[in-house]
Novice: 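A single structure is presented below for examination.
Chain letters run A, B, ... following the sequence lines, proteins first, then strands; residues in each count from 1. Atoms considered below: every heavy atom in the structure, side chains included; atoms not considered: hydrogens, waters and symmetry mates. Nothing here was measured: the structure is a model prediction, and the numbers come from that model.
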Amino acid sequence: MSADVAARGGTAAAKWRTAGRLLRLLKPVRRRMAGVVAATCAFAALNVAAPKYLGDATDVVVQSVVGGTFDEQRLGRLLLAVALMYLGASLFSWIQGALTATAVQRLGYGLRAAVEQKLHVLPSSHFDDQHRGDVLSRATNDVDNVSQALNQLLNQLIMSVLMLTGALAMMLWLSPLLAVIALASVPVSTLITVLVARRSQAHFTEQWASTGELNAHLEEFFTGHEVVKVFGRQEAAAATFGESNTRLFRAASSAQYVSGVVQPLMIFVSNLNYIAVAVIGALQVAAGSMTIGGVQAFIQFSRLFSQPMGQIGGMLNLMQSCVASAERVFALLDAPEIPADAAEPAAGAARAVAVRAADVCAADAESAAAEPGPPGRVSFEGATFGYSPGAPVVEDLSFTVEPGQIVAIVGPTGAGKTTVVNLLMRFYELDAGRITVDGIDIAEMPRDALRSAFGTVMQDAWLFTGSIRENIEYGRPGASDGEIIAAAQASHVDQFVRSLPAGYATMLGNDGDSLSRGQRQLISIARAQLAGRGVLILDEATSSVDSRTEAQIRQAMARLRQGRTSFVIAHRLSTVRDADLILVMDHGRIVEQGNHQELMAGGGFYAALYRAQFAGREQPESVLEPEL
Amino acid sequence: MLLSLMGRLLVAHRMTVLAIICLQLVQTTANLMLPTLNAAIIDDGIVAGDTPAILRLGAWMAGVAALQVGTAIAAGYLGAVVAMRVGRELREELFAKVQTFSSQEVGVFGAPSLVTRATNDVTQIQNLTVLVFTMLVAAPASFIGGIVLAVRQDLPLSGIVMAVIPVLAGLMLLIVRRLIPLYRRGQELIDRISRVLREQIVGANVIRGFVRQEHEIRRFDAANRDLTRNNLDSALLVAGMNPMIMVVVNLSSVAVVWFGGHRIQSGQMRLGALTAFIAYILQILIAIMMAMYVFTTAPRAAACAERIQVVLDTEPSIGGPEPGTALSAASPQKLPPPEQAPRSGRGPVPEGAVEFHDVAFAYPGAEAPVLSGVTFTAAPGTTTAVIGATGSGKSTLLNLLPRFLDPTAGSISIGGRGTRSLPLAELRGLISMVPQHSYLFSGTLAENLRVGGPDASDAELWQALETAQAGDFVRDLPGGLDAPVSQGGTNYSGGQRQRLCIARALLRPAPVYLFDDSFSALDYGTDERLRAALEPALRAATVLVVAERVSTIEEADLILVLEDGRLVAKGTHQELMESSRTYQEIAASQLVLEETP
């Protein structure tokens, strides 16, 4: 029991921390917020003062009935003052609204930017075990909810609180007795709010969590819709979707109606209060201690007092919904990041690597002959890594690549070949051992400097929404049309692009779905060619490209690779035959290394793979022999 | 759009909606009675000095207030349930609709936009529904009630109210009209935001590899700025609305005291009426503010409703059986297969026989067709391979069979029946497929495999994995069949994913198997063992294979060579090596790749 209470207390404290953090986000716009508070003060003061003068005006009318003299001039003066006050109040209310809107929109902008920038410093593993749809939901649905709710909250909450205090002050001034009666409603209202809030908060948290979950489901089903269809799994998909849809429905409606109870209850309390004021006020008038105009003004103030109370209660659901969403956004922002890059000395060295790499690119155009030795000495020393603890994908990997060498990594599917590349690029951090580039431990280099040394073509060709030209240019921003077309020609993109109606301006959308996988690979090769980095990494770069095209690309690549260290992962052993170093991997370990001749002579795993690949291939060979 | 959409959804809940309206009417009436009772306290109690009357009227007021809170809570409860149900139904409808879409329609909207529409857009409509129930019923009632009571209190003074209403209506109309386009654009910009983010998540490694984080941040920033600016525009409009209405209403209460004062002075009006009148004006003001709150939410919901309705109104380009052939589709078992293709003379066609007759396909608006004049027959128990350059139309050809796309000319039949004459579910029931994008769902390996065979036992799963050459690596995984899979299968290598997709397809026995470039990420040894293992498993089936490597398809019974969407040659490996120049070139290029040092 006590533990339960403690736990609830803990979560409540967490909610307050979240709310506090949300408010701290307003810090950059604090001047604007000060303006908001000032404008609201002015508005509230005028809005509170106006009914008092309107009450005085009523008294002028009352006096004319009771006393017989009608001071029309006084009535006119009072009403003019009231009218000016109301005009002023509206002006300040407008200023306040406009300032709040800009502040909140800035906050929303900042939150979205923070979420996006966070994506760039999350470790790659984060995306492996988090649903893409859920992350997206946090960045869109939750941020949207926070800013929508905050806009209303800041507008109304500040105003409500000020109206409350203003009305209270006026009431105290008019009649302390009645003010005390009115104040009696405050603890009652607070109690109601607290009781309800305790019950509804969990529902709001659940509501936004299930929105994220639903988003994730939709993301998956809409992305993989072809698979769903071809396997006739629409019903099963609909059932899964239906479940999370119903969960969202339950949470959302519970949250809505539990928190929705507050406002009617508040209105009830305020009505009772109103009655008490009316009855007691009437008795006071009867006793002669108050004027009718005074009672009338007081009644209006008690309205002004209880209305914001009700509004604050009514904002409860907004507040809770806002906090629930903010928690999810903050959770994403607080997710562990990639460890920060090590500071200066090594960083300088790494920059040197990158600069020298760039030199090679520059020199490439002229002649690479007279240049000092290009960078790119890569060394793995006992590198061990696993995506999940206790299940190493690569184990105790050791090898050295000299600058300018071509290294091929071969081995059965799942042997850990791509992982080697991921480790070299520091998409993942080693569990043990180290990797050096030109003698510097890559763990001590800034990641960006390290990666600037590599030109990569990944296994999954990734293209973004934009034109084909933009997708190629991605490798080297600001490249000229000539350079882009040259890269496109070398990688055989040019041929199929020319057959497209819009050519290089053809827009690619939705993961480049309009292109075949082979075409996407070609574009990413063009991108890497254009980038012209010091070390080239080709991970199954041409697996879906037809062989005729591939042969032509290989020639172009051979030119590109000259003088550069390159890593090639390929299944076609022919591709790797001319490599300077072949690493044969199996089950995360290097089982053999050497060049083609050595490995064939060794008669081990490689030789077996090689023979398997060319088993029964004599026939075509003989057919074509004369041509070669 | 918004009205028709909400109207349609609410009709289903009309009894509840009716109950809500009744409850809200009671609630509003109770609320309106309170100032009247208060006026009575002043006139009959205070002015008359009648204390028992004050207490009696006070008790009445308490009773009315209790009634009000009870009905308000009940209405709130029902309103929340109906609004959330409407949301759930809309999401369901959208989901069901997208399920009927072909790749083309999904492509037109884009998956991220469809997701936004089903979540964010629906939420907006849901929010509006909640508001409508809590306010739009109460607001007009309290608005009209306020006016009626004001008129009853004093007709000439009500003239002020009457003059103010058109002014307010005009102001609101003006603002709402400018809001709708802003909100519409706002939702589009949210789409853009989520599209950019999605790309950044999917392409995280490429972005990092090319060190383009700065560029991505700028790209996102542009979208973010646009959204913020657009939101700010609409927020400023809304911020201007409140004070405008307040000033109009408050000034009218000043006018009430001025004119009312004169009327009381001349004895045309009682004193209590003035107090009540100000209360009514306040009542009307609150009603307008409530309505305004709805009106500021409505434009955004209206923009969302449009976006949802567009999806719901989109007719999938690929539907059920075509009208002309509906008869054969209705009772496929009983009727002999209608003659779809010239070969029907030889009695019943085997279930899995696939026939393409002069098939062409072009994307709408495209200049050149992707495929044209493709004719071939694939018989059960044979393997037909499709080879050709990147972009020659191989995958398109395969995608025509399960009707992910429909040919723009010619006909395709399966088992002697035209694919368009079959209900989609039945047609796709005849086909098991390994798609080009080896897509896996998040969950466990077993769950993914059971997409193919929902009732398969663990032993059957293992058997399929063994055949697909995936048994070894799955066994090594911690958790085995229960090993986790992340969305898209990104925690497995390309080759592993392809084999898992093959195992998934094998778990679904079908007369026709399609392999769309399913071996490209496999090393040769695995490829070869896989093909050897597949051979007995698929012996009776019609197999269509798209491949890049000649070695993968050498043993196929029929090889189709595609070039620029045309079928330039067909035959066996032997025949093609002798007759087809294109095929020779393809084979030669692979030997160059494989054999030249």
Novice: Identify which part of Thr102(A) has an atom lying under 4.5 Å from any heavy atom of chain B, answering side chain, backbone, both or neither.
Specialist: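 For Thr102(A), heavy atoms of backbone and side chain both lie under 4.5 Å from chain B.
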
Novice: At a heavy-atom separation under 4.5 Å, does His120(A) approach chain B through its side chain, its backbone, both, or neither?
Specialist: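 Both parts, heavy atoms under 4.5 Å.
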
Novice: Heavy atoms only: give me the nearest Val257(B)-Ala57(A) pair and the separation to one decimal.
Specialist: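 Between these two residues, the closest heavy atoms are CG1-CB, 3.9 Å.
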
Novice: Does any backbone or side-chain atom of Ala83(A) lie under 4.5 Å from a heavy atom of chain B? Answer side chain, backbone, both or neither.
Specialist: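 For Ala83(A), heavy atoms of backbone and side chain both lie under 4.5 Å from chain B.
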
Novice: Which atoms of Ala425(B) come close to chain A, meaning under 4.5 Å heavy atom to heavy atom: side chain ones, backbone ones, both, or neither?
Specialist: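 Neither part.
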
Novice: Where on Thr246(A) is there a heavy atom nearer than 4.5 Å to chain B: the side chain, the backbone, both, or neither?
Specialist: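 Its backbone and side chain both get close to chain B.
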
Novice: Please report the closest heavy-atom contact between Met84(B) and Ala252(A), naming both atoms and the distance.
Specialist: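 The pair with the smallest heavy-atom distance is SD-CB, 3.6 Å.
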
Novice: Between Gln99(B) and chain A, with a heavy-atom cut-off of 4.5 Å, which part of the residue counts as in contact: side chain, backbone, both or neither?
Specialist: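 Contact with chain A involves both backbone and side-chain atoms of Gln99(B).
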
Novice: Of the backbone (N, CA, C, O) and the side chain (C-beta and beyond), which part of Asn145(A) lies under 4.5 Å from a heavy atom of chain B, both, or neither?
Specialist: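 Neither; nothing under 4.5 Å.
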
Novice: At a heavy-atom separation under 4.5 Å, does Leu440(B) approach chain A through its side chain, its backbone, both, or neither?
Specialist: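 Just its backbone gets close to chain A.
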
Novice: Using non-hydrogen atoms only, which part of Asp527(B) is less than 4.5 Å away from chain A: side chain, backbone, both, or neither?
Specialist: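 No part of Asp527(B) comes within 4.5 Å of chain A.
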
Novice: With only heavy atoms counted, which part of Tyr86(A) is less than 4.5 Å from chain B, the side chain, the backbone, both or neither?
Specialist: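 Both backbone and side chain.
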
Novice: Any idea which heavy atoms bring Thr140(A) and Ser194(B) closest together, and the distance?
Specialist: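 Looks like CG2-CB, 3.6 Å.
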
Novice: Answer with side chain, backbone, both or neither: which region of Val130(B) has an atom nearer than 4.5 Å to a non-hydrogen atom of chain A?
Specialist: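 Only the side chain of Val130(B) comes within 4.5 Å of chain A.
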
Novice: Could you tell me whether the side chain of Met425(A) reaches within less than 4.5 Å of the side chain of Thr456(A), counting heavy atoms only?
Specialist: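 They are in side-chain contact.
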
Novice: If I measure from the heavy atoms of chain B, does Ala237(A) come under 4.5 Å with its side chain, its backbone, both, or neither?
Specialist: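 Both the backbone and the side chain of Ala237(A) come within 4.5 Å of chain B.
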
Novice: Quick one: closest heavy-atom pair of Gln436(B) and Ser395(B), and the distance?
Specialist: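 It is NE2-OG, 3.3 Å.
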
Novice: Taking all atoms of both residues into account, what is the closest heavy-atom pair of Gly261(B) and Val61(A), and its distance?
Specialist: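 For Gly261(B) versus Val61(A), the nearest heavy atoms are CA-CG2, 3.5 Å.
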
Novice: Please look at Phe404(B) and chain A and tell me whether the side chain, the backbone, both or neither of the residue comes under 4.5 angstrom of a heavy atom of that chain.
Specialist: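 For Phe404(B), the contact with chain A is made by the side chain alone.
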
Novice: Is it the side chain or the backbone of Arg85(B) that comes within 4.5 Å of chain A heavy atoms, both, or neither?
Specialist: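 Contact with chain A: backbone and side chain both.
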
Novice: Does the Lys NZ or Arg CZ of Arg112(A) fall within the cation-pi geometry relative to Phe220(B) - under 6.0 Å from the ring centre and within 45° of the axis?
Specialist: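 So Arg112(A) doesn't make the cation-pi contact.
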
Novice: Using 30° and 60° as the class boundaries, would you call the ring planes of Phe241(A) and Phe95(B) parallel, tilted or perpendicular?
Specialist: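 Rings of Phe241(A) and Phe95(B): parallel, under 30°.
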
Novice: Can you measure from NE2 (His215(B)) to CG (Asp221(B)) and round to the nearest 0.5 angstrom?
Specialist: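 The NE2 atom of His215(B) sits 12.5 Å away from the CG atom of Asp221(B).
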
Novice: Using heavy-atom distances under 4.5 Å, tell me whether Glu72(A) contacts chain B through its side chain, its backbone, both, or neither.
Specialist: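 For Glu72(A), the contact with chain B is made by backbone and side chain together.
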
Novice: Which bit of Gln27(B) is near chain A, if near means a heavy-atom gap under 4.5 Å: side chain, backbone, both or neither?
Specialist: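 Nothing of Gln27(B), per the 4.5 Å heavy-atom cut-off to chain A.
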
Novice: So which part of His492(A) gets closer than 4.5 Å to some heavy atom of chain B, the side chain, the backbone, both or neither?
Specialist: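 For His492(A), there is no contact with chain B at all, as no heavy atom is under 4.5 Å.
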
Novice: Please lay out, stage by stage, how Phe464(A) and Tyr474(A) fare under the test ring pair (Phe, Tyr, Trp, His ring centres under 6.0 Å).
Specialist: CA-CA 10 Å; Phe464(A) 63 89; Tyr474(A) 205 78; 5.1 Å; yes

Novice: At a heavy-atom separation under 4.5 Å, does Ala66(B) approach chain A through its side chain, its backbone, both, or neither?
Specialist: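 The answer is both parts of Ala66(B).
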
Novice: Using side-chain heavy atoms (C-beta onward) and a distance below 4.5 Å, is Arg91(B) in contact with Leu248(A)?
Specialist: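 In short, these two side chains touch, coming nearer than 4.5 Å.
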
Novice: Chain A heavy atoms under 4.5 Å from Arg508(B): which part of the residue, side chain, backbone, both or neither?
Specialist: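 When you check distances to chain A, only side chain atoms of Arg508(B) fall under 4.5 Å.
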
Novice: Counting heavy atoms not belonging to Trp94(A), are there more than 12 under 6.0 Å from its CH2?
Specialist: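 Result for CH2/Trp94(A): open.
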
Novice: Less than 4.5 Å to any heavy atom of chain B: does that hold for the side chain of Asp144(A), its backbone, both, or neither?
Specialist: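 The side chain, not the backbone.
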
